[in-house]
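Down below is the structure, laid out as structure tokens.
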Amino acid sequence: MSTLKKAQIDHLAKHLEDAQLNCQDVHKITDDYPEMDFADAYAVQNQIRAQKMERGERIVGYKMGLTSRAKMEQMGVHSPIYGFLSDRFEVQESSAVPVSRFIHPKVEAEIAFMTKQDLQGPGCTVAQVLAATDFVMPAIEIIDSRYENFRFDLVSVIADNASSSGFVTGGQIAAVDGKDLSTLGVVLEINGEPREVGAGAAVLGHPANSIAQLVNMLAEQGESLPAGSLVLSGAITSALAVEPGDCATVRAQGLGSVTVRFS
Ligand code: OOG
Ligand code: MG
């Protein structure tokens, strides 16, 4: 079911993408469109994706969000969601990213997956995800809600492409064979100080379960996950706000570390 007309979806997609491009926060869209539902929200996100592709951006994969209790509680939204990743969101490891490129950025510690086979739902399982995984690696996601004070509800955040704005991958790539991603330890440091710690199991019991849920949600939209997709499985711990001068590092057990500096 959806409640919005095509013209309203196009209007909201432009409104939210302009907020991103101009680094200007906006009111949560459900204040003006309280009847909006889940289907409308993904329709707005899909329209933002179409706008970016029209301008020559390439979709490199997806990110899952709100997949850990820490994140659900931090944001007050308790269902996993997804967003798309454009090639323009990639930030080079160890480079200095100007905070002025964002509204109010936060960093998250995540495990990223690269797929080597197409995955199609419904009914996609953890085993199918592991068999289709080329490698995993540590990642920092830079999230930046377009909404004032990062305050949103489920429908608003989905329409806003799940707060996607940047990601950094690095450390080492590793095959999943012989690795238990649920007990993989992860540390999120700011300026060399360990601030958040966790393990893969924080993400829906196992990070691969997050990818399976993504594939099953994409199936509801008539879409699948193509081979060669990069997928961020969701923050293991709470997200941390960053300021100019901050340096964020994610260390993942046996997978090295990934760092980004903010200027
Ligand atoms: C929504 C995106 C959450 C994650 O990893 O949980 C997310 C938000 O908190 O702004 O990326
Ligand atoms: Mg995230």
Side-chain angles (χ1 to χ4, degrees), residues 16-17 19-20 23 25-30 38 41-42 44-45 48-49 60-86 89-91 97 102-113 136-170 181 184 186 188 195-214 217 229-242 248 250 252 258 260:
L16 289 171
E17 201 197 5
Q20 182 219 333
C23 302
D25 56 8
V26 295
H27 300 300
K28 153 164 96 45
I29 56 175
T30 45
F38 208 68
Y42 277 109
V44 173
Q45 184 189 119
I48 296 173
R49 183 173 70 173
V60 295
Y62 291 90
K63 55 84 62 84
M64 283 289 279
L66 308 174
T67 50
S68 64
R69 189 180 301 273
K71 276 295 305 188
M72 290 180 187
E73 256 138 52
Q74 184 178 31
M75 306 320 295
V77 177
H78 295 82
S79 324
I81 57 175
Y82 70 83
F84 65 84
L85 299 177
S86 152
F89 300 171
E90 181 162 23
V91 171
V97 203
F102 307 97
I103 301 166
H104 40 206
K106 291 184 190 177
V107 290
E108 296 183 327
E110 308 213 8
I111 304 295
F113 286 65
V136 290
M137 60 183 155
I140 298 174
E141 181 175 18
I142 305 168
I143 53 167
D144 194 33
S145 174
R146 265 55 68 170
Y147 301 120
E148 295 164 330
N149 304 314
F150 255 95
R151 296 263 294 279
F152 49 65
D153 46 38
L154 180 64
V155 162
S156 299
V157 67
I158 291 169
D160 184 31
N161 194 22
S163 309
S164 302
S165 71
F167 64 91
V168 197
T169 55
L181 295 179
L184 189 113
V186 171
L188 174 58
R195 294 274 301 275
E196 298 284 341
V197 295
V203 171
L204 300 172
H206 191 297
N209 190 25
S210 174
I211 316 304
Q213 289 205 18
L214 168 68
M217 289 198 282
S229 294
L230 177 74
V231 186
L232 302 180
S233 53
I236 291 169
T237 72
S238 296
L240 297 175
V242 285
V250 166
V258 53
V260 65

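When a ligand or atom number is given, it counts from 1 through the structure's own listing order.
Tested against His27 for a side chain to side chain donor-acceptor pair (under 3.5 Å), the candidates Glu148, Arg151, Arg146 yield a single pass: Glu148.
In summary, Glu110 and Lys63 do not engage in a salt bridge, as defined by a charged side-chain N under 4.0 Å from a carboxylate O.
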Mind listing the side-chain donor-acceptor pairs of residues 73-82 below 3.5 Å, one per line with the distance, residues two or more places apart or on another chain?
{"from": "Gln74", "atom 1": "OE1", "to": "Ala239", "atom 2": "N", "distance (Å)": "2.8"}
{"from": "Gln74", "atom 1": "NE2", "to": "Ala239", "atom 2": "O", "distance (Å)": "2.9"}

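The distance from the CG atom of Leu181 to the OG atom of Ser233 is 8.5 Å, given to the nearest 0.5 Å. To the nearest 0.5 Å, atoms CD1 (Ile236) and CD (Glu196) are separated by 11.5 Å.
Partners of Asp144 under the salt bridge (charged side-chain N to carboxylate O under 4.0 Å, His left out) rule, at least two apart in sequence or in another chain, do not exist in this structure.
Figure legend: Lys106 and Phe150 shown as a cation-pi pair, the cationic atom lying under 6.0 angstrom from the six-membered ring centre and within 45 degrees of its axis.
In terms of modelled atom types and a separation under 3.5 Å, the side chain of Ser165 and the main chain of Ile142 share a donor-acceptor contact. In this structure, the side chain of Asn209 does not engage the main chain of Val203 through any donor-acceptor pair within 3.5 Å.
For a distance threshold of 2.8 Å, the protein N, O or S atoms nearer than that to the Mg ion (ligand 2), listed by chain and number, are Glu108 OE1, Glu110 OE2, Glu141 OE1.
Listed by chain and number, residues touching ligand 1 at under 4.0 Å (heavy atoms only) are Lys63, Met64, Gly65, Leu66, Lys71, Met75, Glu108, Glu110, Glu141, Ile143, Phe150, Phe152, Val157, Ala162, Ser163, Gly234, Ala235.
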